[in-house]
Asker: 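Sending over a structure as structure tokens; questions will come in a sec.
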Amino acid sequence: MELKSRDIYEILSDLAKRRGLFWPSYEIYGGVAGLYDFGPVGVLIKRNIIEEWLYWLVYSTGLVVEIETPIITPRIVLKASGHEDHFTDPITECTKCGRVFRADHVVEEQTGITVEGYSMSDIWKVMIENNVRCPECGGQLTKPQPALLLFKTEIGPYKGAPGYIRPEAAQGMFVSFKNVFTVVRNKLPLGIAQVGKVGRNEISPRQSLIRLREFTIMEFEFFFDPEKSYEEVMKYMDEELEEEELFVLTADEKSRGIDRASRYRTLELIEEKIVKNPWMALWMAKGNRFLREIGIPGDKIRFEEKLPWERAHYSEQTFDQQVYTRKFGWIEVAGYSYRTTYDLDRHIEFSRSDLSVFKRYKKPVEKLVRRAIPNPIKIRELAKDKMGKIMENISSMDQEALYQELMSKGYIEIDGVKLGREAFIIKEEKVKIHGEKFVPHVVEPSFGLERIFYALLEHALSLEKDRIVLKINPRIAPYQVAVFPLVAGSKPEHRKIVDIARSLYRALLKARIRAFYDEEGSIGRRYARADEIGIPFALTVDYQTLEDETITIRYRDTREQIRISIHEAYDKLLELLNYKGKFKLNFDKYP
RNA sequence: GCGGCGGUCGUCUAGCCUGGACUAGGACGCCGGCCCUCCAAGCCGGAGAUCCCGGGUUCAAAUCCCGGCCGCCGCACCA
């Protein structure tokens, strides 16, 4: 049965609450916009999505390691990252039409004056002096207010240092880059991943799980040497990845008014230079595969390149990965940003730590180094009491430039004192250079877990007559199998059937299968309950089990049943689930 | 944040306009019992509602008024 777009959201919200997927947080106190609880079933599904993500994006190449860093972040870190400045945008509101604008943008548009870094009252002054009005209706604008989308907190309960809840996990990876790099014994390329909560104090969150004030991010910063990226990417590109089909809408196409994505193979993205770095293409292909694997159809996934002004402050190129939903249309579930050296550079600047890495040349390079070394005795004669200042000056000068100037002009002049060649000892020496330091480039794939969760549910949701069936991939399903007794009555044979079903259930739990047991209501009702939360298989113990130790196994999506021996239930399940393991069913305790 | 509309058991809803017999009714779901050979069957019973919150008007408020919270839609914002 075809679902109408309007119904699907209601059906899903109803199901979510009824069966324990998710619901608004703090409901008994009226709720808070943008905050959601995950229920018992939702938590299981969510964890399975994380596992799949870890497999496809983190473990499958051996290039990425996972860390965990705090969500509470000292102010300086987000100052360095540029977030604090980005979040204190001055907002002004029109008193007539109620529209809200970035005050600095309006001022710049109407006066040409750049007010970046101005205080709120200084911007206000400029606005009054230049009679800046509402660009939409010409109405009076209010004094700008800072709109900070970072959650503020204090570190330490008494006279605490200012801090924020992190708006992205990324900064933890940049700040601890050097430690991780050392742990992996100085190897590039290196990805550092993190799965965790972040907070963004959104002005008006809506659309249930799509826009949250607190959500789970799954992302990694991938550090590499840009000069080697092509050859390195080729090393990790296998046939499957090369042939992965991606739907991409480029910025160029967007500005020409095209809104349909075209199909590319991964290799074409690299060769046609659609991506500014080959690693972007590799991770986009992996991300595409991941979403397909958990159940989003390939043609419902696309990549949209962001236009320069749509990009975050740190990004050289960004592709949003979007999934089509019936309720919200195309929603962004992941972003791939080429952050270049932006973040490391900023942390080098603010922390004064050396976050560069050493690159050894294949062969050391011999270089003739010519230096002019100051001769203190001669300089004292020439400089007299200016000696100290001159020496300080010389040591801060670039060696090569000093030498060049001295040789071409015959002297250098510092603080009014001419120093000729005789004031220096000229040295020429051959130096072996074994390598150089550089700041690695970074590509960042970043996934929003709750959005993926929502998109997945929407795609999995189907109606069979008026029954809901959540057709999710068995690997994502909250439970792998349901176990039922066909009947649960009071006759002796009913008791036997129930006992066998219960022991089967317990044996499966012990074998680390996530099993679900239910004996309430009719068998049809129990199948329906299991279908609603997406349990892919159901094992039913019936009368025939008493005779020949066989049970039925039913597949959720087709309701097909086959009869198997109860002893091979585990192996059959593993086969269906594509898992491996061991299983022992102990019948002895039950009659 | 602005404007419009809305908020009654877990869910969907009746009641609100026209204040009073509303101890807030129903359906589905949930729980217990009976029944029991495969897709939400039936019968019996049960639990379950701060009528979103606070204030006001009134002899009397789910109902009228004001403020707040939350939701939906539009505008704005969105790393």
Side-chain angles (χ1 to χ4, degrees), chain A residues 6 9-11 13-20 23-35 78 81-87 89 91-102 105 134 136-137 142 145 147 149-150 166-168 170-171 198 200-208 210-213 217 219 306 310-315 318 320 332 335 337 339 444 446 448 464-469 484-491 493-494 497-498 519-532 538 540-546 551-552 554 556 559-561 563:
Chain A
R6 196 159 298 173
Y9 183 73
E10 284 159 29
I11 292 167
S13 304
D14 170 36
L15 179 74
K17 192 164 184 181
R18 206 155 39 79
R19 293 294 182 210
W23 54 75
S25 297
Y26 308 111
E27 233 181 4
I28 64 165
Y29 288 104
V32 178
L35 300 179
L78 294 169
S81 70
H83 284 93
E84 195 185 56
D85 294 331
H86 253 256
F87 272 58
D89 288 340
I91 296 289
T92 182
E93 192 185 326
C94 176
T95 51
K96 200 171 140 197
C97 68
R99 287 188 174 86
V100 176
F101 306 94
R102 282 272 298 268
H105 288 183
C134 172
E136 289 296 321
C137 73
T142 61
Q145 297 284 320
L149 272 66
L150 291 171
R166 63 183 181 189
E168 60 171 12
Q171 296 311 319
V198 300
R200 299 178 182 185
N201 209 351
E202 299 284 354
I203 296 169
S204 85
R206 256 178 229 176
Q207 307 177 316
S208 86
I210 304 303
R211 187 99 165 274
L212 297 171
R213 286 204 165 110
I217 228 168
E219 68 185 1
K306 300 273 96 179
E310 295 173 330
R311 291 198 299 256
H313 58 284
Y314 49 70
S315 179
T318 298
D320 276 356
E332 181 197 337
S337 291
R339 296 178 82 134
E444 175 200 76
S446 174
E464 311 285 331
K465 299 215 172 93
D466 52 356
R467 275 167 60 159
I468 297 170
V469 182
F484 302 134
L486 178 66
V487 290
S490 49
K491 289 178 189 160
E493 61 268 35
H494 296 161
I497 286 170
V498 167
E519 61 180 48
E520 286 162 16
S522 69
I523 187 69
R525 175 172 296 236
R526 285 178 261 144
Y527 284 141
R529 279 198 280 248
D531 287 346
E532 277 194 340
T540 302
V541 175
D542 57 17
Y543 290 92
Q544 202 175 323
T545 313
L546 301 177
I551 55 174
T552 61
R554 167 191 182 268
R556 172 195 68 202
R559 301 191 192 179
E560 275 176 314
Q561 288 184 339
R563 186 162 282 277

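Below, chain A is the first sequence line, B the second, and so on; all start at residue 1. What you see is a predicted model; the values in this text were computed from it and never measured.
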Asker: Sub-3.5 Å donor-acceptor pair from the side chain of A:S13 to the main-chain atoms of A:Y9, do we have one?
Answerer: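 Between the backbone of A:Y9 and the side chain of A:S13 there is a qualifying donor-acceptor contact (under 3.5 Å).
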
Asker: Provide, to the nearest angstrom, the distance between the CG atom belonging to A:N201 and the P atom belonging to B:G1.
Answerer: 10 Å

Asker: Between A:Y543 and A:H494, how do the two ring planes meet: parallel, tilted or perpendicular, split at 30° and 60°?
Answerer: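 Perpendicular: the ring planes of A:Y543 and A:H494 meet at over 60°.
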
Asker: For A:Y314, report the nucleic acid contact type (base, sugar-phosphate, nothing); a contact means any heavy atom under 4.0 Å.
Answerer: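 Sugar-phosphate contact only.
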
Asker: For the C1' atoms, the ones on B:C31 and on B:G15, what distance do you get once it is rounded to whole angstrom?
Answerer: 28 Å

Asker: Looking at A:R200 and A:P167, would you say the former's side chain and the latter's main chain have a donor-acceptor pair under 3.5 Å?
Answerer: yes

Asker: To the nearest Å, give me how far apart CG (A:D14) and P (B:U13) are.
Answerer: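 Rounded to the whole Å, the gap is 11 Å.
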
Asker: Across all strands, who's sitting opposite B:U63 as a Watson-Crick or G-U wobble pair, both distances under 3.5 Å?
Answerer: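 Across any shown strand, B:U63 pairs with none.
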
Asker: Using the C1' atom on both, measure B:A14 against B:U37 and round to a whole Å.
Answerer: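 After rounding to an integer number of Å, I get 42 Å for this pair.
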
Asker: Using only atom types and a distance under 3.5 Å, with no angle test, would you say the side chain of A:R526 pairs donor to acceptor with the backbone of A:G521?
Answerer: yes

Asker: Does B:C36 pair with anything, Watson-Crick or G-U wobble, both distances under 3.5 Å, and if so, with which nucleotide?
Answerer: none

Asker: Contact class for A:R211 vs. all strands (heavy atom < 4.0 Å): base, sugar-phosphate, or nothing?
Answerer: base

Asker: Using the C1' atom on both, measure B:C12 against B:G6 and round to a whole Å.
Answerer: 16 Å

Asker: Could you check whether any side-chain N or O of A:S315 sits under 3.5 Å from a backbone N or O of A:A312, counting only pairs where one atom can act as donor and the other as acceptor?
Answerer: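 Not at all, since once roles are kept as given, no pair shorter than 3.5 Å links the two residues.
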
Asker: Please report, rounded to the nearest Å, how far the P atom of B:C78 is from the NE2 atom of A:H83.
Answerer: 14 Å

Asker: Could you let me know what B:C22 is paired to, Watson-Crick or G-U wobble, both distances under 3.5 Å, or none if it's on its own?
Answerer: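 For B:C22, the partner nucleotide comes out as none, under the 3.5 Å rule.
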
Asker: Over how many whole Å does the gap from A:L35 atom CG to B:C69 atom P extend?
Answerer: 15 Å

Asker: Look through every strand shown and name the nucleotide pairing with B:G29 as Watson-Crick or G-U wobble, where both distances are under 3.5 Å.
Answerer: none

Asker: Between B:G32 and B:C16, how many Å separate the two P atoms, rounded to a whole number?
Answerer: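 Each nucleotide's P atom is 38 Å from the other's.
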
Asker: Using purine N1 to pyrimidine N3 plus N6-O4 or O6-N4 for Watson-Crick, or N1-O2 and O6-N3 for G-U wobble, both under 3.5 Å, which nucleotide pairs with B:C70?
Answerer: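 Across any shown strand, B:C70 pairs with B:G6.
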
Asker: Calculate the interatomic distance between A:E27 atom CD and B:G7 atom P; express it in whole Å.
Answerer: 17 Å

Asker: Relative to the 5' end of RNA chain B, which residue comes earlier, A:I28 or A:G34, by the nucleotide with the nearest heavy atom?
Answerer: A:I28

Asker: What is the distance, to the nearest angstrom, from the CD atom on A:Q207 to the P atom on B:C70?
Answerer: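 Whole-Å distance recorded here is 16 Å.
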
Asker: Just how far, in rounded Å, is P of B:C78 from CG of A:L150?
Answerer: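 The answer, rounded to whole Å, is 14 Å.
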
Asker: Roughly how many Å apart are B:G10 and B:C66, using the P atom of each and rounding to a whole number?
Answerer: 29 Å

Asker: Sugar-phosphate means primed atoms, P, OP1 and OP2; the rest is base. With that split, encode nucleotides 31-45 of chain B 5' to 3' as B, S or - using protein heavy atoms under 4.0 Å.
Answerer: SS--SBBBBBS----

Asker: For B:U58, which nucleotide in any strand shown is its Watson-Crick or wobble partner with both distances under 3.5 Å?
Answerer: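 In the structure as shown, B:U58 has no Watson-Crick or wobble partner.
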
Asker: Roughly how many Å apart are B:G46 and B:G4, using the P atom of each and rounding to a whole number?
Answerer: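 That atom pair is separated by 47 Å.
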
Asker: Can you tell me the pairing partner of B:A41 across any strand shown, Watson-Crick or G-U wobble, with both distances under 3.5 angstrom?
Answerer: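 Per the H-bond distance test, none.
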
Asker: Is it true that a side-chain atom of A:E219 and a backbone atom of A:A170 form a donor plus acceptor pair closer than 3.5 Å?
Answerer: yes

Asker: Given the P atoms of B:C44 and B:U58, what is the spacing between them in whole Å?
Answerer: 49 Å

Asker: Pick the P atom in B:A62 and in B:A24, then give their distance to the nearest Å.
Answerer: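 Result for the P pair: 10 Å, nearest Å.
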
Asker: Report the residues that fulfil side chain to side chain contact (heavy atoms under 4.5 Å, CB included) with A:A530, sequence neighbours left out, ordered by chain and then residue number.
Answerer: A:A482, A:F484, A:I535

Asker: In this structure, how many angstroms lie between the C1' atom of B:G68 and the OH atom of A:Y26, rounded?
Answerer: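 My rounded result for the distance is 20 Å.
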
Asker: Mind checking side chain to side chain donor-acceptor pair (under 3.5 Å) for A:E332 and listing every partner two or more places apart, or none if nothing turns up?
Answerer: none

Asker: Go through the side-chain N and O atoms of A:T540 and A:Y527 and say whether any donor and acceptor fall under 3.5 Å apart.
Answerer: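 The criterion, which ignores hydrogens and geometry beyond distance, is satisfied for A:Y527 and A:T540.
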
Asker: For B:A14, which nucleotide in any strand shown is its Watson-Crick or wobble partner with both distances under 3.5 Å?
Answerer: none

